[in-house]
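Counting begins at 1 with the first residue of the sequence.
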Amino acid sequence: MPLDELAAELSAGALVTDRDVIGTYSKDWALFSHVGEAAALVRAASVEDVQATLRFATAHRIPVVPQGARTGLSGGANAVEGCLLLSVAKMNEIVEINTVEQTCTVQPGVINQDLKKALTQYGLAYPPDPGSVAISSIGGNVATNAGGLCCVKYGVTRDYVRSLTVVLADGQVTRVGRPTQKGVAGLELSQLFIGSEGTLGVIVEITLDLIPALPDPLTAIALFSEAADAASTVCDFMATGARPSMLEYLDGTSIDMINDYGDFGLPSGMGAMLLVQSNGDGSLEHATEEMETFTRVANACNAAEVVFSEDPADSELLVAARRAVGPAGEKYANAHGGGELIDDVCIPRGKMREFFTRLDGIRAEYPQVLIGNAGHAGDGNMHPCVFFDAGVEEATEQALAAFDAIMALGLELGGTITGEHGVGYLKKKWLARELDPVSRAMHVKIKDALDPLGILNPGKMLGEL
């Protein structure tokens, strides 16, 4: 491969051939996802670097794996054999914050939390807040259509993307979306790239819609002996017309892991907990009414205890506890054989009670694994985590079987295999099961039209369609 030719087209230092450095860029956080040996790494500093890389890759028929912060959980950023890893993490400038249009324009490497902090001085907010908010990039969030804790009220990444600048497989640049708040000229092509996981093009700039800063919420927790009662509470509460700004679920296993990880003061010995926040219509009165409704519904569904608070410090601590699920699970896994598979099914809220009951059946069927469950109960997005001793063959086999059983259950209940983490390598065989034949054919035709040589992130999301 004539890498000198590529280096001549790139900014100084963008091309990396050091094998140790390439190795650190070759995978995300997913287990059981193939990691190939990349030929080189390009740390792009500009749109021109991205264009040059893709023109070179097209000319030499070389696969390209686009990458952001590599915090994904599905293997979507993993190297494939002989590829160029194309990192846009260095492209991390907030280009503009427009208070008149209530938009911002950012490069893909901007970290979600950094953007939120920058917006506060303008009285504006960008709501999507994945659990990885402090470390994941806006480009990666767009590429996987990331969600988060507040999606039950404020929606997901897709709902805030006004336009995208994208470099196509052959190096051409295009802007898709709309320049104004309203716009219906032509097909809404930006929607194709949101959630496409680097298979259709490389996103190099994003214009996002913003909203006024969110009012401080009231926070409540409800404790239950049975997970099914927590599910009933979610359904009955949402059926009242409530619009909580957060409605999260933790099972007893997840609570125990969080308590072992840090001093969050969560009660132990419970079957499940719901964490709910409401900022109402912006008024304390309306938020209080929603909390009172939640309390009434939870008590009717056999809650052991319901407590709510107006203290922002309480809210921050409880949300921090919820966000600690990931690192708490990692700590537990490291102490018990290192195995952890994080699922991401999304189911209709009305099926949540059945999902919890049948998840207990999966636990019983695979006794060599431990399954903890947490998730965004308000929108049905559950994250069962399968923990196992990766050094024990039978335990590993059971873990993989349990992981698959959870996805099969999600589909059977009318849900999807992934609510926000993406398909990547880990779930590619399951995408074909979720899509009908006509939809599969449409996916393939779109891929062929935009990437006729198949060089963009091959063998991942669309690899088994």
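Atom-to-atom distance recorded for Ser74:OG and Leu31:CG is 12.0 Å, nearest 0.5 angstrom. Interatomic distance, CD1 of Ile211 versus CG of Asp209, reported as 10.5 Å (0.5 Å rounding). If you take CD1 on Ile362 and OG1 on Thr357, they are separated by 11.5 Å, rounding to the nearest 0.5 Å. Rounding to the nearest 0.5 Å places CG of Leu450 at 7.0 Å from CG of Leu192. Between His376 atom NE2 and Leu149 atom CG the span is 5.5 Å, to the nearest 0.5 Å. Rounded to the nearest 0.5 angstrom, Asp343 CG and Leu409 CG are separated by 10.0 Å.
Distance alone, capped at 3.5 Å, places no donor-acceptor pair between the Asn279 side chain and the Leu218 backbone. Side-chain N or O atoms of Ser33 include none that pairs as donor or acceptor with a backbone N or O of Ala30 at under 3.5 Å. For Glu197 (side chain) and Met461 (main-chain N/O), no donor-acceptor pair under 3.5 Å exists by modelled atom type. Remark: side-chain polar atoms of Lys428 are not paired, donor with acceptor, to backbone N or O of Val423 under 3.5 angstrom. In this structure, Arg243 contributes its side chain and Lys153 its backbone to a donor-acceptor pair below 3.5 Å. Between the side chain of Asn112 and the backbone N or O of Ser136, no donor-acceptor pair lies under 3.5 Å. Asp251 contributes no side-chain N or O that, together with a main-chain N or O of Gly372, makes up a donor-acceptor pair within less than 3.5 Å. Not one N or O on the side chain of Asp114 forms a donor-acceptor pair closer than 3.5 Å with the backbone of Val110. Not one N or O on the side chain of Asp216 forms a donor-acceptor pair closer than 3.5 Å with the backbone of Pro312. Ser439 places no side-chain N or O within donor-acceptor distance of the main-chain N or O of Leu435, the cut-off being under 3.5 Å.
With Asp129 as the fixed residue, the side chain to side chain donor-acceptor pair (under 3.5 Å) test singles out one of Arg323, Lys116, Gln113: Arg323. Paired with Thr293 under the rule side chain to side chain contact (heavy atoms under 4.5 Å, CB included), one option of Thr288, Asp236, Thr240 passes, and it is Thr240.
Note: His34 and Tyr425 have tilted aromatic rings, judged against thresholds of 30 and 60 degrees for the angle between ring planes. Relative ring orientation between His421 and His383 is described as parallel, the plane-to-plane angle staying below 30° on a 0-90° scale split at 30° and 60°.
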message: Run the side chain to side chain contact (heavy atoms under 4.5 Å, CB included) test on Leu456 and Leu200 for me, step by step, so that the C-alpha distance in whole Å, both residues' side-chain angles and the decisive distance to 0.1 Å come before the verdict.
response: CA-CA 7 Å; Leu456 288 175; Leu200 302 180; 5.6 Å; no
- prompt: Would Glu205 and Gln107 satisfy side-chain hydrogen bond (donor to acceptor under 3.5 Å, both in side chains), going step by step from the backbone distance to the final call?
  reply: CA-CA 5 Å; Glu205 191 172 86; Gln107 292 183 320; 5.8 Å; no
task: Step by step, work out the side chain to side chain contact (heavy atoms under 4.5 Å, CB included) result for Thr103 and Leu208.
output: CA-CA 5 Å; Thr103 63; Leu208 298 166; over 6 Å; no
task: Might you work through the salt bridge (Lys or Arg N to Asp or Glu O under 4.0 Å) test for Asp360 and Arg363, ending with a clear yes or no?
output: CA-CA 5 Å; Asp360 284 339; Arg363 289 183 173 109; 2.7 Å; yes
query: Hey, mind stepping through Asp159 and Tyr154 against side chain to side chain contact (heavy atoms under 4.5 Å, CB included) and telling me if it holds?
result: CA-CA 8 Å; Asp159 300 309; Tyr154 292 105; over 6 Å; no
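Side chains of Ser278 and Ser245: a donor-acceptor N/O pair is absent below 3.5 angstrom, by distance only. In summary, the side chains of Thr416 and Glu434 do present a donor paired with an acceptor at a separation below 3.5 Å, with no hydrogens or angles considered. Between the side chains of Lys460 and Asn78, no donor-acceptor pair is found at a separation under 3.5 Å. Counted by atom type alone, Arg175 and Ser163 present one or more donor-acceptor pairs between their side chains at under 3.5 Å. A donor and an acceptor atom, one from each side chain of Asn145 and Thr157, are nowhere located under 3.5 Å apart. The closest side-chain donor-acceptor pair between Glu188 and Ser190 falls under 3.5 angstrom. Looking only at atom types and distance, the side chain of Gln181 has no donor-acceptor partner in the side chain of Glu101 under 3.5 Å away. Thr253 and Asp256 share no side-chain donor-acceptor pair at under 3.5 Å. Residues Asp281 and Ser283 bring a donor and an acceptor atom of their side chains to less than 3.5 Å of each other. No side-chain N or O of Thr207 forms a donor-acceptor pair with one of Arg162 less than 3.5 Å apart.
Ala222 approaches Ala298 most closely through the heavy-atom pair CB-CB, 4.1 Å. Minimum interatomic distance between Cys151 and Asp379 (heavy atoms only, all atoms of both residues): CB-OD2, 3.5 Å. Of all non-hydrogen atoms in Thr71 and Ser132, the two that sit nearest each other are OG1-OG, 4.4 Å. In terms of heavy atoms, Ile94 sits closest to Ala118 at CD1-CB, 3.7 Å. Pairing each heavy atom of Met382 with each of Asn373, the nearest pair is SD-ND2, 3.8 Å. Considering every non-hydrogen atom in both Cys301 and Thr233, the closest pair reads CB-OG1, 3.2 Å.
Within a 6.0 Å sphere centred on CD of Gln191, heavy atoms belonging to other residues, nucleotides or ligands number more than 12. In this structure, Asp263 places its CG atom where only 12 or fewer heavy-atom neighbours from other residues, nucleotides or ligands lie under 6.0 Å away. No more than 12 heavy atoms of other residues, nucleotides or ligands sit less than 6.0 Å from atom NZ of Lys351.
You'll find the side chain of Val369 stays beyond 4.5 Å of the side chain of Phe387, heavy atoms only. Annotation: side chain of Lys427 is in contact with side chain of Asp344 (closest heavy-atom distance under 4.5 Å). Contact annotation: the side chain of Asn302 never approaches that of Glu226 to less than 4.5 Å [non-hydrogen atoms, C-beta and beyond]. Considering only heavy atoms from C-beta on, Leu250 comes within 4.5 Å of Val325 through its side chain. A 4.5 Å side-chain heavy-atom check between Leu465 and Leu431 finds at least one atom pair inside the cut-off. Inter-residue side-chain proximity for Val386 and Glu340 is flagged as unmet; no heavy-atom pair is nearer than 4.5 Å. Under the 4.5 Å side-chain criterion, counting only non-hydrogen atoms from C-beta, Phe388 is in contact with Thr396. Counting only heavy atoms from C-beta outward, the side chains of Pro127 and Tyr160 approach each other to under 4.5 Å.
The salt bridge (charged side-chain N to carboxylate O under 4.0 Å, His left out) test applied to Arg322 returns Glu248, not counting sequence neighbours. The ring pair (Phe, Tyr, Trp, His ring centres under 6.0 Å) search around Phe403 returns none, not counting sequence neighbours. For Arg358, the salt bridge (charged side-chain N to carboxylate O under 4.0 Å, His left out) partners are Glu354, Glu412, not counting sequence neighbours.
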